[in-house]
Amino acid sequence: MSLAISSRIAASLLCLIPVITSAQQRRTQQSQMTSQPGTLWSDERILETVAAVSMGPKLLPPSWPNNAHVAVLITFDDDTQAPLLRDGTTEPTALSASDYGAQTGTPRLLEILDRHKIPATFFVTGVDSLIHPELVPSILKSGRNEIGIHGWIHEYPPGLDNEGEEERLLDKAIARISSLTGKKPTGYRAPSWAFSPYTMDLIRKKGFLYDSSLQASEVPYKIFSKGLDTGVIELPIDWTLTETVYLGAQGHMPSPDLLFELYKQEFDGAYKEGTTFILTLHPYLGGHRAPMQHLDDLLTYMQSKPGVWFATCDQLVQYVKESATK
């Protein structure tokens with residue numbers, strides 16, 4: 001091969017390098033857009049994203065009622081068949097497993113709460129209250145418990161991606177639960193504990209006093225949106241302090257012993273700090289006999305400690321608000 005021909009080939013190959021590099025860059029960017037989109041975001045977009053809904057100042061009062069050492073919230077997400085119906089499930093066996101929450105789990109929980117004379121907050125979906133019209137009245141019968149909103153059909157807010165549709169379903173839930181309780185609930189807990197870009201604005205628009213879906217702390221705090229105080233108080237929850245990830249279909253903990261030992265240690269930590277302990281259980285799952293025996297024991301243990309204030313979410317929020325204005 002002549003030197004001239006070799007030079008032309010080399011020159012042609014050099015011309016191809018930018019094309020190949022550009023193609024590789026495009027493939028890399030396309031991969032990032034689908035698997036790691038945040039790697040391509042600007043600094044401004046990152047800051048805007050985390051500021052959309054963020055933690056404001058903590059709202060820890062200087063003392064709890066009657067000089068209690070700790071505030072305890074026992075809460076339940078009483079979603080039974082609603083999540084399955086949301087997904088179009090019609091198979092009776094699957095529906096019956098969730099129906100357990102209303103038929104067996106909730107009555108068992110209420111018996112334990114009544115025996116200990118402890119209040120609790122139940123977050124209920126509109127559809128589950130429709131299927132089981134006795135559910136809400138049974139929860140309110142003792143006069144100690146609170147009902148909060150947990151969506152209409154346990155819709156997944158990020159999956160709706162439609163402000164109007166999310167508001168329509170939320171309005172249906174508020175109307176249904178309000179008709180059963182005789183008043184509009186003051187609290188909201190997002191189905192699946194998940195917010196869409198519109199959820200925070202809707203919580204504020206509907207006049208909720210508090211939310212209990214976020215997880216930035218272990219004590220109540222103000223919710224900020226885009227740097228501004230929303231006026232809504234957060235009662236933070238935690239995937240550690242629920243049973244679904246351990247005892248649910250994808251869980252790998254065959255016995256609840258270790259789980260409730262974790263709950264006990266979390267309570268001990270809150271007691272030592274003088275802060276809050278917020279537990280969330282699901283009657284369709286945590287209402288089975290073994291977990292309920294451990295819950296019974298946990299409540300007995302907590303009641304054996306001096307200075308434990310058991311409250312509903314609304315009671316705690318009202319107290320925190322009053323303390324913040326003094």
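Just so it is clear, the model here is predicted, and its values are computed rather than measured. The residues of the chain are indexed from 1 along the displayed sequence.
- In this structure, Leu259 and Tyr246 approach most closely via the heavy-atom pair CD1-CD1, 3.4 Å.
- Contact of the Leu60 side chain with the Tyr221 side chain is not registered, since no non-hydrogen atoms from C-beta on lie closer than 4.5 Å.
- Look at Asp114 and Arg144 and you find a salt bridge, because one of the NZ, NE, NH1 or NH2 atoms lies within 4.0 Å of a carboxylate O, short of that distance.
- No hydrogens or angles considered: nothing links the side chains of Thr93 and Ser96 as a donor-acceptor pair under 3.5 Å.
- Both Leu235 and Phe310 are members of a single hydrophobic cluster when ILVMFWY side chains are connected at heavy-atom separations under 4.5 Å.
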Pair Arg189-His150, side-chain hydrogen bond (donor to acceptor under 3.5 Å, both in side chains): steps then yes or no: CA-CA 5 Å; Arg189 180 173 285 166; His150 197 40; 5.9 Å; no
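- Without hydrogens or angle criteria, Asp296 side chain to Ile112 main chain gives no donor-acceptor distance under 3.5 Å.
- Between the side chains of His282 and Asp78, no donor N or O sits under 3.5 Å from an acceptor N or O.
- Cluster annotation: Phe224 and Ile46 are assigned to distinct hydrophobic clusters (Ile/Leu/Val/Met/Phe/Trp/Tyr, side-chain heavy-atom contacts under 4.5 Å, transitive).
- Side-chain contact of Asp268 with Tyr301: a donor-acceptor pair under 3.5 Å is present, judged by distance alone.
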Pair Gln318, Glu322 - check side-chain hydrogen bond (donor to acceptor under 3.5 Å, both in side chains), show working. CA-CA 6 Å; Gln318 297 287 0; Glu322 292 172 8; over 6 Å; no
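- Using a 3.5 Å distance cut-off with no hydrogens or angles, the side chains of Thr300 and Asp297 do not pair a donor with an acceptor.
- Remark: the backbone N or O of Gly164 is paired with a side-chain donor or acceptor of Asn162 at under 3.5 angstrom.
- Between Phe260 and Pro291, the shortest heavy-atom contact is CZ-O, 3.5 Å.
- Side-chain contact between Thr242 and Ile237 is absent, with no heavy-atom pair separated by less than 4.5 Å.
- Distance check, rounded to the nearest 0.5 Å: CG of Leu95 to CD1 of Ile131 gives 8.0 Å.
- Looking only at side-chain heavy atoms (C-beta outward), Thr280 and Asp77 come within less than 4.5 Å of each other.
- Under a 3.5 Å cut-off, the side chain of Thr89 and the backbone N or O of Glu91 do not form any donor-acceptor pair.
- Defined by atom type and a distance below 3.5 Å, a donor-acceptor pair is present between the side-chain atoms of Thr199 and Glu166.
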Intermediate values then yes/no, side-chain contact (heavy atoms from CB on, under 4.5 Å), Lys58 and Lys222: CA-CA 6 Å; Lys58 294 181 179 178; Lys222 292 183 178 182; over 6 Å; no
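- In this structure, a donor-acceptor pair under 3.5 Å is absent between the side chains of Glu261 and His294.
- At least one side-chain heavy atom of Leu73 sits less than 4.5 Å from a side-chain heavy atom of Leu316.
- Aromatic ring centres of Tyr100 and His288: separated by under 6.0 Å.
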Checking side-chain contact (heavy atoms from CB on, under 4.5 Å) for the pair Glu155/Leu170: CA distance, chi angles, key distance, verdict? CA-CA 9 Å; Glu155 58 275 7; Leu170 181 56; 5.6 Å; no
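- In this structure the side chain of Thr276 reaches within 4.5 angstrom of the side chain of Pro220, judged on heavy atoms.
- Once rounded to the nearest 0.5 Å, the distance linking CD1 of Ile74 with NE2 of His116 reads 10.0 Å.
- Connection of Ile147 to Trp152 is not established within any shared hydrophobic cluster, with ILVMFWY side chains joined at heavy-atom distances below 4.5 Å, either directly or through further cluster members.
- Taken to the nearest 0.5 Å, the NE2 atom of His154 stands 4.0 Å off from the CG atom of Asp79.
- When side chains are defined from C-beta on, Met55 does not count as touching Glu234, because their heavy atoms never get closer than 4.5 Å.
- Heavy-atom contacts from other residues, nucleotides or ligands closer than 6.0 Å to CD of Glu218 number 12 or fewer.
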Any chance you could lay out the side-chain contact (heavy atoms from CB on, under 4.5 Å) test for Trp193 and Leu214, step after step, and finish with the verdict? CA-CA 7 Å; Trp193 305 358; Leu214 305 175; over 6 Å; no
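- Linking Ile, Leu, Val, Met, Phe, Trp and Tyr whenever their side-chain heavy atoms come within less than 4.5 Å leaves Leu169 and Ile174 in two separate clusters.
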side-chain contact (heavy atoms from CB on, under 4.5 Å) between Val317 and Thr186, worked out: CA-CA 10 Å; Val317 168; Thr186 59; over 6 Å; no
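- Within the 4.5 Å cutoff, the side chain of Leu113 has heavy atoms near those of the Phe76 side chain.
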Verify salt bridge (Lys or Arg N to Asp or Glu O under 4.0 Å) between Glu48 and Lys226, making sure each step is shown before the conclusion. CA-CA 7 Å; Glu48 289 174 0; Lys226 301 172 185 175; over 6 Å; no
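- The shortest heavy-atom contact between Ser225 and Ala52 is OG-O, 2.8 Å.
- Proximity of Asn145 to Phe122: side-chain heavy atoms (C-beta onward) are separated by under 4.5 Å at one or more points.
- Side-chain contact check for Asp99 and Thr80: no donor-acceptor pair (N or O, by modelled atom type) lies under 3.5 Å.
- Aromatic ring orientation, Tyr188 versus Phe208: tilted (interplanar angle from 30° to 60°).
- Not one N or O on the side chain of Gln215 forms a donor-acceptor pair closer than 3.5 Å with the backbone of Pro236.
- No continuous path of hydrophobic side-chain contacts links Leu85 to Tyr284 [ILVMFWY only; heavy atoms under 4.5 Å].
- Tested against Glu146 for a side-chain contact (heavy atoms from CB on, under 4.5 Å), the candidates Thr75, Thr181, Thr312, Leu140 yield a single pass: Thr312.
- The shortest non-hydrogen separation linking Tyr319 to Ser63 is OH-O, 2.8 Å.
- Within the 3.5 Å criterion, the main-chain N or O of Val232 finds a donor-acceptor partner in the side chain of Thr230.
- Using a 4.0 Å cut-off between charged nitrogen and carboxylate oxygen, Arg168 and Glu165 count as a salt-bridge pair.
- Of all the heavy atoms in Ala190 and Asp211, the pair that sits closest is N-OD1, 4.4 Å.
- With Ser138 contributing its side chain and Leu135 its backbone, the two residues share a donor-acceptor pair below 3.5 Å.
- A pairwise comparison of heavy atoms in Pro191 and Pro157 identifies O-CD, 3.8 Å as the closest pair.
- Under a cut-off of 6.0 angstrom, the local environment of NZ in Lys321 is sparse, with at most 12 non-hydrogen atoms contributed by other residues, nucleotides or ligands.
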